[in-house]
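In what follows, a structure is listed as structure tokens, so that the remarks can point back to it.
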There are 2 protein chains.
Amino acid sequence: MLSMTLEDYLESIFLLGRGRNPVRITDVAKKLKVKKSTVVNAIRKLQQEGFVIHERYGDILLTQKGIEMASRVYERHLAIFSFLVEILGVPEEIANKEACGIEHYIGEETAKTLSLFIEFSRLCPQLQKIIYEDFRKYKNSGTIPDICSEEGKKMLKLTQLKVGQKAIVKKIDCDRSIKSRLLTMGIVPGVEIQVEKVAPLGDPIDILVRGYHLSLRREEAQCIEVEEA
Amino acid sequence: MLSMTLEDYLESIFLLGRGRNPVRITDVAKKLKVKKSTVVNAIRKLQQEGFVIHERYGDILLTQKGIEMASRVYERHLAIFSFLVEILGVPEEIANKEACGIEHYIGEETAKTLSLFIEFSRLCPQLQKIIYEDFRKYKNSGTIPDICSEEGKKMLKLTQLKVGQKAIVKKIDCDRSIKSRLLTMGIVPGVEIQVEKVAPLGDPIDILVRGYHLSLRREEAQCIEVEEA
DNA sequence: CTTGACTGTTCGATTAATCTAACATAAAAT
DNA sequence: ATTTTATGTTAGATTAATCGAACAGTCAAG
Ligand SMILES: [Mn+2]
Ligand SMILES: [Mn+2]
Ligand SMILES: [Mn+2]
Ligand SMILES: [Mn+2]
């Protein structure tokens, strides 16, 4: 419907105009860091589509249609911003910039669900506790908190598993290039694997991941930590 | 550095080429649903920047630089996709499309944190339980699960509060336009409010939210459910 | 070898978004 | 009331991304 940039113009006008402030071309130009001529151009398009009213040299006014569209965009912005700040702990300034990019790419349904998720997290002290204590700890130190490990299960390297044994991947500890390779093969924390075949000397090791057969070098298997299933 | 569309070309080449398949212009055109001439154009730019090697009428090959860039993009795609599917419960096809839009707007730091969050959620059965049971219930029926309410606190309408009393907003139950207005004023579930002044007949009600003074009509206050602080 | 049938390339045109520079109007200061 | 300053508009140019149509190359079947 509207291009991403036009959505941003609408959003800016909406935010600048809260509290009934008159919004002028210059305000929008400053806010979006573009030249005034660029704004004039954008406003012309928005006017043609019925989102704003603007007389030469006058204030920019949102129509009903404009307000609806703008608040829909801004709600998304806010939901994404809140998620980034409250759940992930991204600094506000960065979160704001990223939210304003992302907002144009999520659909009605996703936006609604994300808003609900934020609301839910604010309402649920238990969830908050896990996020603010356990997740932050995991993020900062890589420590897997106690509440995550089930009782009586041993942590092993993938190389220590026997043929036929099933396990859950818990941690991958190696450099970016290997990690990235493992990732594209679907080997990520939380996934269940099964050892299919081990060659003499333990290289390569054939495993089953989500129904796919994969062959890992010993070097790769060595850095995958698993928990017996 | 690279435009959003060029990142997508790189990502496509990377995915089409996994397992050492040769990638041709036609494959990319089909995957991204553009014309072959458009692909030729894009590949030329990617070649100039040293991301791919392509001889006329030949296969498209990623350089080392290209592989690094492409996998960085794809990792983001995967992290966002996983979040949408596993946490929010968005259908896979939609999640895939949205992830491919969003991936270009999140920074290194955010991407890493999001990946960690997904990992963490897969590792932590307690978090999974809250998301899969309590959040889904909240999402589908609006029911605030038991684990979220603290003992011995009463739920009230905002209109039932007395001057000076503090409370936490728990739920907003009204139509989009009012909800949107309340939202832009910072009244969202989880936020703390305090009643400042109530006019005769209870309209308007002045409240304090995050340090700001707001004046609400009775109609608006009526649909805000709160819990005594 | 010749000849289709794909596959790939070139060229020119279009659209959205932006800029600069020159010009026009409105508001404020003198 | 005139001049100055700030604000807004226009016109023309540029860049990225796309397309369609015409042209060119590859390769396997006959
Ligand atoms: Mn935006
Ligand atoms: Mn925004
Ligand atoms: Mn993409
Ligand atoms: Mn993608």
Side-chain angles (χ1 to χ4, degrees), chain A residues 1-17 21-62 66 69-70 73 97 100-105, chain B residues 1-14 16-17 20-62 66 69-70 73 97 100-105:
Chain A
M1 175 77 151
L2 277 184
S3 73
M4 147 164 177
T5 42
L6 287 183
E7 280 188 354
D8 277 339
Y9 281 99
L10 224 43
E11 187 191 31
S12 294
I13 297 163
F14 177 72
L15 289 176
L16 290 166
N21 302 316
V23 180
R24 284 152 307 152
I25 294 280
T26 312
D27 302 324
V28 178
K30 204 169 292 168
K31 171 131 192 172
L32 290 178
K33 294 183 184 135
V34 294
K35 299 296 161 189
K36 288 177 292 180
S37 55
T38 309
V39 178
V40 171
N41 216 312
I43 298 297
R44 202 196 322 278
K45 286 179 206 158
L46 287 174
Q47 172 138 279
Q48 274 161 11
E49 303 291 331
F51 292 103
V52 302
I53 294 171
H54 179 234
E55 299 181 359
R56 301 172 104 254
Y57 303 103
D59 293 343
I60 304 165
L61 295 172
L62 289 172
M69 187 73 208
V73 174
K97 214 180 98 198
C100 209
I102 294 170
E103 69 195 358
H104 314 285
Y105 295 93
Chain B
M1 176 74 151
L2 277 184
S3 74
M4 151 166 173
T5 41
L6 287 184
E7 280 188 354
D8 277 340
Y9 281 100
L10 224 42
E11 188 192 29
S12 295
I13 296 163
F14 177 71
L16 289 166
R20 306 175 188 283
N21 301 315
V23 180
R24 282 153 309 153
I25 295 281
T26 312
D27 303 324
V28 179
K30 204 168 291 167
K31 171 132 193 171
L32 290 178
K33 292 182 184 136
V34 295
K35 299 296 161 188
K36 287 177 292 177
S37 55
T38 309
V39 178
V40 171
N41 216 312
I43 298 297
R44 202 194 324 276
K45 285 179 206 157
L46 288 175
Q47 173 138 288
Q48 273 159 12
E49 302 292 330
F51 293 102
V52 301
I53 294 172
H54 179 232
E55 297 181 3
R56 300 173 104 252
Y57 303 104
D59 292 344
I60 304 166
L61 295 172
L62 289 172
M69 187 74 209
V73 175
K97 213 179 101 197
C100 209
I102 294 169
E103 70 195 357
H104 314 285
Y105 295 93

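Protein chains get the first letters and strands the later ones, always in sequence-line order, with residue 1 at the start of each.
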>> Without decimals, in angstroms, what is the distance between B:Lys33 NZ and D:dA17 C1'?
In response: 18 Å
> Rounded to the Å, how far apart are A:Lys36 NZ and D:dA6 C1'?
Replying inline: 7 Å
> Per the side-chain contact (heavy atoms from CB on, under 4.5 Å) rule, which among A:Val28, A:Ile53, A:Leu46 passes with A:Ile60?
Replying inline: A:Val28
>> Quick check: on DNA chain C, is the nucleotide nearest A:Thr5 upstream (toward 5') of the one nearest B:Val40, or the reverse? Name the residue that is more 5'.
In response: B:Val40
>> Using whole Å, what does the distance between atom P of nucleotide D:dT18 and atom CE of B:Met4 come to?
In response: 9 Å
> What is the distance, rounded to the nearest whole Å, between atom CD of A:Glu7 and atom P of C:dA17?
Replying inline: 11 Å
> Taking NZ, NE, NH1 and NH2 as the nitrogens, is one of them in B:Arg24 or B:Asp27 under 4.0 Å from a carboxylate oxygen of the other?
Replying inline: yes
>> How about NZ on A:Lys97, more than 12 heavy atoms from neighbouring residues, nucleotides or ligands closer than 6.0 Å, or not?
In response: no
>> Could you check whether any side-chain heavy atom of A:Tyr9 comes within less than 4.5 Å of a side-chain heavy atom of A:Val34, counting everything from C-beta outward?
In response: yes
> Is the distance from OP1 or OP2 of C:dT7 to the nearest side-chain N or O of B:Thr26 less than 4.0 Å?
Replying inline: no
> Over how many whole Å does the gap from B:Asp27 atom CG to C:dC6 atom P extend?
Replying inline: 16 Å
> Quick one: does B:Ser37 reach the base of C:dG8 with a side-chain donor-acceptor pair under 3.5 Å?
Replying inline: no
>> Can you pull out the residues from residues 45-61 of chain A that lie within a 4.0 Å heavy-atom distance of DNA chain C?
In response: A:Lys45, A:Tyr57
> Taking only residues two or more places apart in sequence, or in another chain, which ones meet A:Thr5 in a side chain to side chain donor-acceptor pair (under 3.5 Å)?
Replying inline: A:Ser3
> Do the side-chain N or O atoms of B:Ser3 get closer than 4.0 angstrom to the phosphate oxygens (OP1, OP2) of D:dA17?
Replying inline: yes
> Between C:dA17 and A:Thr38, is there an OP1 or OP2 to side-chain N/O distance shorter than 4.0 Å?
Replying inline: no
>> Counting the atoms with a prime plus P, OP1 and OP2 as sugar-phosphate, which does B:Lys35 contact under 4.0 Å by heavy atoms, base, sugar-phosphate, or nothing?
In response: sugar-phosphate
> Who passes ring pair (Phe, Tyr, Trp, His ring centres under 6.0 Å) against B:Tyr105, sequence neighbours left out?
Replying inline: A:Tyr105
> Between D:dT10, C:dG8, D:dG20, which one does the side chain of A:Arg44 approach most closely?
Replying inline: D:dT10
> Atom CD1 of B:Ile43 to atom P of C:dT9: distance rounded to whole Å?
Replying inline: 9 Å
> Is the shortest heavy-atom distance from the side chain of B:His54 to the side chain of B:Arg44 under 4.5 Å?
Replying inline: no
>> Counting only side-chain heavy atoms from C-beta out, which of D:dA17, C:dG8, D:dT9 sits nearest to A:Ile25?
In response: D:dT9
> Between A:Leu32 (CG) and C:dT18 (P), how many Å, whole number?
Replying inline: 8 Å
> Over how many whole Å does the gap from B:Tyr9 atom OH to D:dA16 atom P extend?
Replying inline: 14 Å
